[in-house]
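The next block holds one structure in the form of structure tokens; read it before the comments.
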Amino acid sequence: MKKLLGGLNEDQRRAVETTEGPLLVLAGAGTGKTRVITVRTAYLLNAGVSPESILLVTFTNKAAREMRERLKKMVGKKKAEQLTCGTFHSFCIRLLREHHEKLDLPEAFGICDGSDQMTAIKGALRELRIPEQQVNPRAAQSRISLYKNSCVSPDQAIDEAADDWELAVAHCFRKYEEHLRRSRVLDFDDFLLFAMRLLTEHEEVREQLEERYKYVMIDEYQDTNGPQYGIMHAIVRGHRNLCVVGDDDQSIYGWRGADISKILGFEKDFPGADKVHLGINYRSTEEIIDAANKVIRNNPKRHEKSLRSALGTGSSIPILRMDDETHEASYIATEIEALVREGSNRYGDIAILVRTAQQPRAFEAELRGFDIPYKLVGGMSFFDRKEVRDILSYLRLIANPADETSFLRIANIPARGIGKTTIDKVVTAATETGTGAFPTFRRLVEDGTIGGAAAKGFVKLRESLNVAHAYAQQGDLVFTVTELLNLIEYRSEVDRIYPDDQTRELRWNGVMEILNFAENYQRKDKKPTLTGFLEALTLDESDRKDKDDGDNDSVTLMTLHSAKGLEFRRVYLVGVEEGIMPHIRSATEGTVDEERRLMYVGVTRAQHELSISYCAARAKFGKLVPCHPSRFLFEMKEKTPPDDWMAAGSTPPPPPPVRKKAKRRARRRRM
DNA sequence: TGTGTCCGAGACGAA
DNA sequence: CTCGGACACA
């Protein structure tokens, strides 16, 4: 026990030792949050709590894995493997698979991922004859998700629609839901909603969980949304042994329904809760912490607190004005090249953090130009690649014959002469009769409405997939995938579509990569199933990342959102301009505070050196337009922006808030 | 029906 | 500029 607590500061220790009753741990960036959670878990175990009684909820699967690894070292493999540790989503899925019959769900329900959602929404809009320029599918998707997370039903949404746009989206919502249910799939929001329903409608299940999980811990509590809160609350409301850990200043998922008021109001939700504030930052120099504090204190609604650095002074933070994004990228690439050449940094020490998904473009070009190894985190996922989605759609259809999105997608893959017209006929007929797309397809072929050998052949192919299903049942996934590839002659399809040798190989590699995943999964999982395999791929972003993730020495290029929780010796925070950070949309949506938190997250990723830059102009839609330094930079320097700062015509932004500094203090103290 | 070209809209984040 | 959709053609 002694040993466990050794090395913890007073606050950390208090958080670990407060095991009974509700506890709020406010853990600023870099204050040893993960350490506290793992030690607290180990502490509970050492005190005799059974590992089965502990529920540990993390924000990502990666975090869950790492947590478990750490615990293995502290309490042994056995115990670490017995505790329940995962994201809300994976926890809920497990629950739903176990209790599927209570909710009238098939056991092997499929998962509708983001891109399937988009397909489904576009389909719904088309059925409703709503042109996409009237309702942007993307906007519809996010609104629908918002409805779902606030437990608004389609009918309610229709009733309460305030204008035409909302009405259109609400109808789209209804169609979308019908589509999901018909396809027997759940989207990400559904996991939570169905789990919530399970707990409300089946008291015995709720009691069973409450009985089992006597100690519950939630990490990244600031990112918890309504349904997640409901689920958690249902489990702990009896014993109230709940420990939530988070930082309201790092709440950056409001757009995804995360509800920052939950962490702000924790003490109201759980009267008598203990509160521990971890305020000592072990990650960054004083300059960096100081900058972070100065920015974040401009947010009105937050737990009052500020960070102190345990590291002492370091170097000052340059704020650099660049001509445009190309200049910014080449400047930074040059600097990185020099730093590494002279030995002050390794590539792996360095991260370039961006706000938006298109910013990396310029950097990729320059980094490549300088032969600097880099890895781009986020961006187009492996699973957005056409060939990968093709195969996956087939696999989903094999696992879940009702999956309409997948069925419609593969109907003409490889191209077999089943075009838009045919599909439209099928969809219309299917909607009218309320039958599934494939039965409808078969019926239309049989009664001659759709003719042709192509259609007949496809019916046959579709039926032979049932055979594949049988293999899959036996758990031989590699065999299933291989057979599938043969059956649909996918290799020749790839050869046909990509005449260029290089792309062809690239594409085929994507296909082979799925085989690798399957092989891996099959080897690691005790009871491999196709459904489980697809679930693992869809749910766990980090599983898909190339294995080179860890140790190879390269510069990290990523968005601020994916940087949360990480740290780097040297960080370049780029494109810090009005309209980018804060993002243009935040003004109309009233989310500038969240943008500020994003800035705060970015600044606090840096351990020793932080360099901030903004551009005087930037190419937008192929045209160069002037930009202005972000208000956050003024806040950081405690200056007021000049009156003409954003004035329309004042082309090149007025004063760079400040330039590099000359007075450099003893760089010694930071070890 | 598949393929190619033109056109207009766009623009953040991800389990 | 860069994508996806619409449209025209073979």
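Chain letters run A, B, ... following the sequence lines, proteins first and then strands; every chain starts at 1.
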Pairing residues for A:Arg184 by the salt bridge (charged side-chain N to carboxylate O under 4.0 Å, His left out) criterion, not counting sequence neighbours: none
Pairwise 5' ranking along DNA chain B for A:Ser145 and A:Arg138, keeping only the more 5' one: A:Arg138
Per-nucleotide protein contact string for nucleotides 1-10 of chain B, where B marks a base within reach and S marks sugar-phosphate only (heavy atoms under 4.0 Å, - for neither): SSS------B
Interatomic distance, A:Tyr253 OH vs B:dG13 P [rounded to whole Å]: 10 Å
B:dA15 phosphate, OP1 or OP2, under 4.0 Å from A:Ser90 side-chain N/O: no
Atom-pair distance (CG on A:Leu598; P on B:dC12), nearest Å: 13 Å
Sugar-phosphate, base or nothing in reach of A:Arg361, heavy atoms under 4.0 Å: sugar-phosphate
A:Phe188 side chain, from C-beta outward: closest of B:dA11, B:dA14, B:dA15: B:dA15
Sugar-phosphate, base or nothing in reach of A:Glu589, heavy atoms under 4.0 Å: base
Sugar-phosphate, base or nothing in reach of A:Lys564, heavy atoms under 4.0 Å: nothing
Spacing of A:Glu220 atom CD relative to B:dA15 atom C1', expressed in whole Å: 13 Å
Positive for salt bridge (Lys or Arg N to Asp or Glu O under 4.0 Å) with A:Arg631, one of A:Glu595, A:Glu578, A:Glu577: A:Glu578
Touch class at under 4.0 angstrom, heavy-atom based, for A:Lys623 against every strand present: nothing
Residue pair A:Arg597, A:Asp247: steps toward the salt bridge (Lys or Arg N to Asp or Glu O under 4.0 Å) verdict: CA-CA 10 Å; A:Arg597 293 193 288 267; A:Asp247 180 3; over 6 Å; no
Euclidean distance, atom CG of residue A:Asn225 to atom P of B:dA14 [Å, nearest integer]: 17 Å
Rounded interatomic separation in angstrom, taking CG from A:Leu376 and P from B:dA14: 11 Å
Interface limits on DNA chain C, where chain A has a heavy atom under 4.0 Å of a nucleotide atom: C:dC1 to C:dG5
Euclidean distance, atom CZ of residue A:Arg256 to atom C1' of B:dG13 [Å, nearest integer]: 8 Å
Rounded interatomic separation in angstrom, taking CE from A:Met599 and C1' from B:dG13: 18 Å
Under the side-chain contact (heavy atoms from CB on, under 4.5 Å) test, residues paired with A:Val459 that sit two or more places apart: A:Phe438, A:Phe441, A:Arg442, A:Val445, A:Glu463
Integer-rounded Å distance: B:dA14 C1' and A:Leu146 CG: 15 Å
Under the salt bridge (charged side-chain N to carboxylate O under 4.0 Å, His left out) test, residues paired with A:Glu220 that sit two or more places apart: A:Lys33, A:Lys564
side-chain contact (heavy atoms from CB on, under 4.5 Å) against A:Met322, all qualifying residues, sequence neighbours excluded: A:Leu320, A:His327, A:Glu328, A:Tyr331, A:Ser613, A:Cys615
Sugar-phosphate, base or nothing in reach of A:Ser586, heavy atoms under 4.0 Å: nothing
A:Arg361/A:Glu325 ion pair, N-O < 4.0 Å: no
A:Asp390/A:Arg507 under salt bridge (Lys or Arg N to Asp or Glu O under 4.0 Å): CA gap, chis, key distance, verdict: CA-CA 11 Å; A:Asp390 285 351; A:Arg507 298 295 174 154; over 6 Å; no
Between B:dC12 and C:dG5 - C1' atom distance, rounded Å: 23 Å
Of the listed nucleotides B:dA11, B:dG13, B:dC12, the one nearest the side chain of A:Thr559: B:dG13
Partners meeting side-chain contact (heavy atoms from CB on, under 4.5 Å) with A:Thr60 (sequence neighbours left out): A:Lys62, A:Ala63
Nearest to side-chain heavy atoms of A:Asn61, which nucleotide of B:dA15, B:dG13, B:dA14: B:dA15
Those residues that, when tested against A:Glu69, pass side-chain contact (heavy atoms from CB on, under 4.5 Å) (two or more places apart): A:Lys72
Those residues that, when tested against A:Arg302, pass salt bridge (charged side-chain N to carboxylate O under 4.0 Å, His left out) (two or more places apart): A:Asp249
Distance test, side-chain N/O of A:His583 to OP1/OP2 of B:dC12, below 4.0 Å: yes
Aromatic-base stack, A:Phe88 on B:dA15, cutoff 5.5 Å, angle under 30: no
